[in-house]
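So the structure is just underneath, and the comments pick up after that.
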Amino acid sequence: MNVRRSAAVLAAVAVVGAAAPAAADPSPSPSQAFPSALYGGKDPKFDGVWRQSLALLAQDTVGVKPAAKSVEWLVRQQCADGSFAPYRADPTAACDAKTMVDTNQTAAAVQALTALGGHDAVTGKAVTWLKSVQNKDGGWGYTPGGASDTNSTSVVIGALTAAGEKPEQVEKGGKSPYDALLTLALGCDGDEAGAFAFQPDKKGELAANADATAAGVLGALGQGMVVKPGEKSETTGATKGEACEDERTPEQAAANGAAYLTKALAKDGHLTSALPGSDPQPDYGNTADAVVALAARGDTGQAEKSLSRLEKNASAWAAQNGPAAYAQLIFAAHATGTNPRDFGGTDLVKQLNATGPAPQTAEKTRAAEEKSDSDSGPFGVWWYVGVCLVAGVGIGFLFSGRRNRQQP
């Protein structure tokens, strides 16, 4: 859901034209190129709202209260019509026709702000906008008016569910989001049986896409990014619905997609990706998404095996890719009942928090400690006074002061 978004972003740019470089923050400090409230240090032009939303949602999932200024930054990114763009350097400037708003950033913001609570007006406007750009086939593309794709339709379904809507009742031309997903699900013939495609190709044909399949399973289940583990399979390590069936219902499409993911993961424990001209590489982001999708159905056998693989290998990937990557791993850990604070020896929560402003609890603790230090006087909290040492040549006094400061 993070690195894989680059493909969707590039597709969107191809549709709407090259984006102008985002301006710097109106009043940045000499050492801060981007707003201090933003998570991650890379250019937010294409993913600012996305990664901020995932970071805040992941913090909320593990019981961490995000910094108030980070939540406020996300709220202020909203345009007057309810939509969100990836990054608006000056949120006081009105959005216009050149503002590259999209469904993915908007849906992610809805999921995060709904989870945090207290932002009904913001999320309500966002949901209204999402409904206004729904396609006639019931789905959504990355940008308004773009052809429906599995990933965008699924993330919007998650937003609708989070906001208390019933996705099956959100229709355009008599078609619901589930109708759109079913048109993007492959049948039960061949090696790609049960998978979802991202979009039809130019000939209208569907090709299996593991990333889209993970998204499609969650969408067909009416779930968002954060899920509780589904009811476990009765047989340890088993997968529900292993046989693909052509019954055209959201539930069966989710089962078929889960079976495809299980098969794809079984070989190496992870999904792979390959750029043109390069060898296939482990795709830890998509693997984390697949773990969430399988766990949502209760397909715990392969989900737990792949989660274990992530614990052993994904820390360096997350450190390189930043807050959205840490969030994906936290979502996968949460979905399988794994402690994200001890993820293969890595504290994912601590690492995520370190990519942006300190959470509110940490801010209060630090403020209290600083106040305690200031109240103790100029010499610190504790002084150890040495005892008198009597020697044959005289008397000396040894004073040593030590400050015992609790680390934040």
If we ignore hydrogens and angles and just use 3.5 Å, is the side chain of Asp201 paired with the main-chain N or O of Gly204 as donor and acceptor? yes
Within this structure, what is the OG1-CG distance for the pair Thr183 and Leu206, rounded to the nearest 0.5 Å? 7.5 Å
Please indicate whether Asp191 has more than 12 foreign heavy atoms, meaning atoms of other residues, nucleotides or ligands, lying under 6.0 Å from its CG. no
Run Val62 and Leu352 through side chain to side chain contact (heavy atoms under 4.5 Å, CB included) and show every step you take. CA-CA 11 Å; Val62 296; Leu352 171 61; over 6 Å; no
Kindly say whether Leu57 contributes a backbone atom to a donor-acceptor pair with the side chain of Asp60 at under 3.5 angstrom? no
From CA spacing to verdict: side chain to side chain contact (heavy atoms under 4.5 Å, CB included), Ser154, Leu218: CA-CA 7 Å; Ser154 296; Leu218 281 179; 5.7 Å; no
For the atom pair NZ (Lys267) and NE2 (His270), what is the distance rounded to the nearest 0.5 Å? 9.5 Å
Residues Tyr178, Thr249; criterion side chain to side chain contact (heavy atoms under 4.5 Å, CB included); working and verdict: CA-CA 8 Å; Tyr178 297 126; Thr249 65; over 6 Å; no
In terms of heavy-atom contacts, Gln105 and Trp50 come closest through OE1-N, 2.8 Å
May I ask you to check whether Gln252 and Asn256 show a side-chain donor-acceptor distance below 3.5 Å? yes
A side-chain contact here means heavy atoms from C-beta on lying under 4.5 Å apart; do Asp289 and Gln328 qualify? yes
Gap between atom CD of Gln199 and atom OG of Ser148 - 0.5 Å precision: 8.0 Å
Would the distance check show the side chain of Thr161 and the main-chain N or O of Gly222 forming a donor-acceptor pair, the cut-off being under 3.5 Å? yes
Side-chain contact, heavy-atom cut-off 4.5 Å: Cys244 with Tyr260? no
Side-chain heavy-atom pair Leu181, Ile157 within 4.5 angstrom cut-off: yes
Atom NZ of Lys175: over 12 foreign heavy atoms under 6.0 Å: no
Going by heavy atoms in the side chains, are Phe343 and Leu307 under 4.5 Å from each other? yes
Is the backbone N or O of Asp96 less than 3.5 Å from a side-chain atom of Thr99, with the two atoms forming a donor-acceptor pair by type? yes
Give the minimum heavy-atom separation between Trp317 and Ala325, together with the two atoms involved. CH2-CB, 3.5 Å
Exercise: identify the closest heavy-atom pair between Leu271 and Ala210: CD1-CB, 3.8 Å
Donor-acceptor pair, Thr106 side chain versus Phe84 backbone, under 3.5 Å? yes
Provide the closest heavy-atom pair for Thr114 versus Ala162 in the form atom of the first, atom of the second, distance. CG2-O, 3.0 Å
Would you say Ser308's side chain and Glu304's backbone share a donor-acceptor pair under 3.5 angstrom? no
Would you call Asp299-Arg297 a salt bridge at under 4.0 Å N-O? yes
State, yes or no, whether a side-chain contact exists between Tyr284 and Asn313 at a heavy-atom distance under 4.5 Å. yes
Taking the side chain from Thr336 and the backbone from Ala333, do they hold a donor-acceptor pair closer than 3.5 Å? yes
At what distance, to the nearest 0.5 angstrom, does CG of Asp179 lie from CG of Leu184? 11.5 Å
Write down the atom of Lys42, the atom of Asn321, and the distance for their closest heavy-atom approach. NZ-CA, 4.3 Å
If we ignore hydrogens and angles and just use 3.5 Å, is the side chain of Gln52 paired with the main-chain N or O of Tyr39 as donor and acceptor? yes
Just how far is it from atom CD of Gln111 to atom CG of Leu56, taken to the nearest 0.5 Å? 12.5 Å
Heavy-atom distance under 4.5 Å between the side chains of Pro66 and Leu116, does that happen here? yes
Taking side-chain contact (heavy atoms from CB on, under 4.5 Å) as the test, write out the residues that go with His334, two or more places apart. Thr61, Val226
Looking at Glu168 and Ser176, would you say the former's side chain and the latter's main chain have a donor-acceptor pair under 3.5 Å? no
Nearest heavy atoms of Ala212 and Thr150, plus distance in Å: O-CG2, 3.2 Å
Would you find a donor on one side and an acceptor on the other, under 3.5 Å apart, between the side chain of Thr355 and the backbone of Gln351? no
How long is the straight-line distance from CG of Leu310 back to CG of Leu329, given to the nearest 0.5 Å? 6.0 Å
State, yes or no, whether a side-chain contact exists between Ser83 and Thr103 at a heavy-atom distance under 4.5 Å. no
Between Asp102 and Phe46, is a side chain to side chain contact (heavy atoms under 4.5 Å, CB included) present by the stated rule, with each step listed? CA-CA 10 Å; Asp102 67 71; Phe46 292 119; over 6 Å; no
Would you please classify the geometry between the Phe34 ring and the Tyr87 ring as parallel, tilted or perpendicular, with 30° and 60° separating the classes? perpendicular
Within-4.5 Å side-chain heavy-atom neighbours: Leu54 and Phe331: yes
